[in-house]
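We name chains A, B, ... by the order of the sequence lines, and we start the count at 1 in each one. Bear in mind that the values here come from a model prediction, so they are computed numbers and not experimental data.
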Amino acid sequence: MPRVQFTRHLARYFPALRDGEFDGATLAEVVAAIDRAHPGLGGYVLDDRGAVRKHVNVFIGDDLLRDRERLDEPLPPGVTVSIFQALSGG
Amino acid sequence: MSATLVLGTKKGLLVLERGASGWRSRALQHGGIHVSLALHDARTGTLWAALDHGHWGVKLSRSKDGGETWTEVAPPRYPEGTITPCTQKPAALRYVYAFQPGRPEEPGRLYVGTVPGGLFVSDDDGASFTLDRALFDHPTRGEWGQGGKDFDEPGLHSVVVDPRDGRKVLVGISSAGVMRTTDGGETWAPSNRGLKNSYLPDPDAAVGHDPHLVMACAAEPDVVWQQNHCGVFRSTDGGATWTDIGQAKGPVGFGFPIAADARDPARAWVVPATSDERRYAVGGALCVARTDDGGASWSVLRDGLPQEDCYDVTYRHALDARGDTVAFGTTTGNLYVSEDRGERWRCLGSNFPPITSVRFA
């Protein structure tokens, strides 16, 4: 089961949010599981079309997710998914 | 007198209250978050805030205790498969540009206008929203331009509901114009006769106009005002035809907001700005203009407003009037209030964040 770590900024809107395991074979399924546990959180990570928001960065292990629209690739077993905010510099 | 102002700013929401000792600001809410629009729904006593998170998307939030505590409300969502005609991309909510409570007879009704140009309607006080497909898929949609707050899609910023008949609604859309329904949103038609434009080959085009804000007189709803990209216009027939009431030699011409007096159909206020290519206070001096005769003449009001080195602009939702009290806020973070219909102004603060909306509660 993937382990997910979150930027602490999300805790402002979801105070009960903790890093932990969320079930899913793909990123789309993991985000759906996160949204079930914390209703509404999926809409913070993905836009109306189901794509990762422009200013959100998702890492699969150490690798930045490049295709922000296709979230149905199988995740490596036991991988850590990181959901961070993107920096725009400055 | 007592009065309450609700401010939406780049860095949160502020409530200012006027008591016996003057205006006082309460603690900042939604600190650090751009509040694109904030207002008080007099029917329910609810404070609403449209939030434009830099990272996390557009959200709605409401408070039932005057702004002490807030609850997030799921924002309108474009149905899967909806395509924005001008970009041919799947539609996604990018900005809440209008938030309009319905009539008192329809207590649960809310209208939300958005970039990319969609109108959403709720009949359960925001628990759910439905996209008006007839407007979004309108046959003229392909001719709507791009525009509205730096987006490459149209922005629906004005919703004007006829208080006598809720099926009659005007909407104002940047780079499209005014659209009108008389059947509760089942059919829509352009309502731009008499408007000017200086940027289309056909100055009398049915669509492609650029209203910046559209507002009716509450007491006489057939009188509708609009501050447009190309001037100021007034209608006395519910928006069917428009008359240019701007000043050829200024300053009343370009600008973003307009406020209609609720009772007197001949009175309105604008905050002029220098031409569309510059967009700051005319001549580096801030003024408000008021007409008391339906736009035949304007009083240019400057008492108490900075008259040099001033580059403020007032956004479309950042001017409001309640009786004799008028308030506006600027991109430079200045907030001004007049209690005599604009004759004299007082600055309530010069260090606010850039102000996007000003509404009396």
One should read off an interatomic distance between B:L156 CG and B:I173 CD1, to the nearest 0.5 angstrom, of 4.5 Å
Residue pair B:P76 / B:L93, side-chain heavy-atom distance below 4.5 Å:
yes
Show me the donor-acceptor pairs within less than 3.5 Å that the side chains of residues 19-33 of chain A make with the rest of the protein, sequence neighbours left out.
unit_1, atom_1, unit_2, atom_2, d
A:D19, OD1, A:F6, N, 3.0
A:T26, OG1, A:E29, N, 3.2
A:E29, OE1, A:A25, N, 2.7

Heavy-atom distance under 4.5 Å between the side chains of B:V171 and B:V178, does that happen here?
no
Should B:V159 and B:V214 count as side-chain neighbours, where that means a heavy-atom distance under 4.5 Å? no
N/O donor-acceptor pairs between chain A and chain B, cut-off 3.5 Å:
unit_1, atom_1, unit_2, atom_2, d
A:R12, NH1, B:G31, O, 3.0
A:R12, NH2, B:G31, O, 2.9
A:G43, O, B:K59, NZ, 2.8
A:Y44, OH, B:E72, OE1, 2.2
A:Y44, OH, B:E72, OE2, 3.3
A:D48, O, B:R77, NH2, 3.2
A:D48, OD2, B:Y78, N, 3.4
A:D48, OD2, B:L93, N, 3.0
A:R53, NE, B:W56, O, 3.1
A:A86, O, B:H55, NE2, 3.1

Q) Do the side chains of B:V15 and B:L5 get nearer than 4.5 Å, heavy atoms only? A) no
